[in-house]
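Since the model is a prediction, treat every value here as computed from it, not as a measurement. Along the sequence shown, residues are numbered consecutively beginning with 1.
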Amino acid sequence: MKKLSFIFLILLASQLALSQCDKDRHSALQVDNWISCEMSENPNTERGNTHWIMYDFGNTYGLQNTTFWNCNSFGDTESGIQRFVVDYSNDGLNWSEFGEHELSMSEASTFYEGEA
């Protein structure tokens with residue numbers, strides 16, 4: 001009986017170690033999207049009222065790689081973005097532009113993994 005319990009615990013722990021139900025799969029349901037509905041005043045005052053996301057890491061870090069995701073909802077991929085600007089700041093007051101980028105329309109697929 002101890003051997004059976006041990007095997008069960010190992011199987012349970014291996015399932016809990018995976019953060020997603022399906023490996024390499026992602027939701028294409030609208031309820032799982034993080035959508036900015038209304039424009040608001042951008043922390044970079046030069047941008048005015050826009051759709052924006054700000055990450056405050058609490059410290060200065062070098063960013064080596066990142067992945068950007070577009071709207072991936074079935075029947076709603078045209079709601080995604082095409083062009084965006086990345087600005088950065090060490091104090092939240094003085095901003096520098098890292099660059100303007102383009103993002104392809106997603107595939108509305110559970111295999112969509114964004115763009116590097």
Side-chain angles (χ1 to χ4, degrees):
M1 186 62 151
K2 282 186 178 184
K3 192 178 230 181
L4 182 59
S5 297
F6 182 70
I7 291 172
F8 175 74
L9 284 175
I10 288 187
L11 290 173
L12 180 63
S14 67
Q15 270 304 106
L16 294 175
L18 297 174
S19 62
Q20 294 176 217
C21 296
D22 298 313
K23 187 177 181 185
D24 299 327
R25 300 288 300 268
H26 306 280
S27 177
L29 301 176
Q30 188 173 21
V31 296
D32 293 327
N33 278 298
W34 182 19
I35 298 174
S36 172
C37 299
E38 296 180 21
M39 293 191 286
S40 61
E41 188 172 340
N42 194 303
N44 181 351
T45 56
E46 292 182 18
R47 303 277 180 219
N49 282 353
T50 60
H51 293 277
W52 54 272
I53 300 171
M54 183 171 73
Y55 299 99
D56 182 353
F57 299 115
N59 210 334
T60 302
Y61 296 96
L63 182 62
Q64 303 300 319
N65 299 304
T66 190
T67 300
F68 290 94
W69 291 62
N70 215 336
C71 181
N72 191 43
S73 299
F74 294 117
D76 200 28
T77 56
E78 70 281 350
S79 294
I81 62 172
Q82 292 177 348
R83 300 182 82 130
F84 63 98
V85 176
V86 176
D87 294 327
Y88 63 94
S89 172
N90 288 325
D91 60 11
L93 300 173
N94 300 298
W95 294 88
S96 297
E97 183 177 312
F98 179 76
E100 187 171 325
H101 306 275
E102 292 188 18
L103 192 59
S104 300
M105 185 181 289
S106 75
E107 307 150 0
S109 164
T110 57
F111 293 100
Y112 176 67
E113 294 187 352
E115 295 179 36

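Judged purely by atom type and a 3.5 angstrom limit, Asn72 has no side-chain atom pairing as donor or acceptor with the backbone of Thr110. A distance-only check finds no donor-acceptor pair linking the side chain of Asn42 to the backbone of Asn49 [under 3.5 Å]. In this structure, Trp52 contributes its side chain and Glu41 its backbone to a donor-acceptor pair below 3.5 Å.
Counting all heavy atoms, side chain and backbone alike, Ser73 lies closest to Ala108 at O-CB, 3.9 Å. Between Asp87 and Val85, the closest heavy-atom pair is OD1-CG1, 3.5 Å.
The local environment of CG in Asn59 is crowded, with over 12 non-hydrogen atoms from other residues, nucleotides or ligands closer than 6.0 Å. Heavy atoms of other residues, nucleotides or ligands lying less than 6.0 angstrom from CD of Glu78 number more than 12.
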Which atom pairs, donor and acceptor, lie under 3.5 Å between side-chain atoms of residues 92-104 and protein residues at least two apart or in another chain?
residue: Asn94; atom: ND2; partner: Asp91; partner atom: OD2; Å: 2.7
residue: Trp95; atom: NE1; partner: Pro43; partner atom: O; Å: 3.4
residue: Trp95; atom: NE1; partner: Gly92; partner atom: O; Å: 3.4
residue: Glu97; atom: OE1; partner: Arg47; partner atom: NH2; Å: 3.0
residue: Glu100; atom: OE2; partner: Arg83; partner atom: NE; Å: 2.7
residue: Glu100; atom: OE2; partner: Arg83; partner atom: NH2; Å: 2.9
residue: Ser104; atom: OG; partner: Glu115; partner atom: OE2; Å: 3.2

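By the 4.5 Å side-chain criterion applied to Ile, Leu, Val, Met, Phe, Trp and Tyr, Val31 is assigned to a cluster that also includes Leu29, Phe74.
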**Request:** Would you sort out whether Cys71 and Asp76 count as a side-chain contact (heavy atoms from CB on, under 4.5 Å), showing the intermediate values?
**Result:** CA-CA 7 Å; Cys71 181; Asp76 200 28; 4.2 Å; yes
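Trp69 meets the ring-ring contact (aromatic ring centres under 6.0 Å, His included) test with His26, Tyr112; sequence neighbours excluded.
In this structure, CG in Asn70 is found 9.0 Å from CZ in Phe84, a value given to the nearest 0.5 Å. A distance of 13.0 Å separates OG in Ser106 from CD in Glu113, rounded to the nearest 0.5 Å.
Tyr55 and Phe57 have parallel rings, their planes meeting at less than 30° on a 0 to 90° scale where 60° marks the start of perpendicular.
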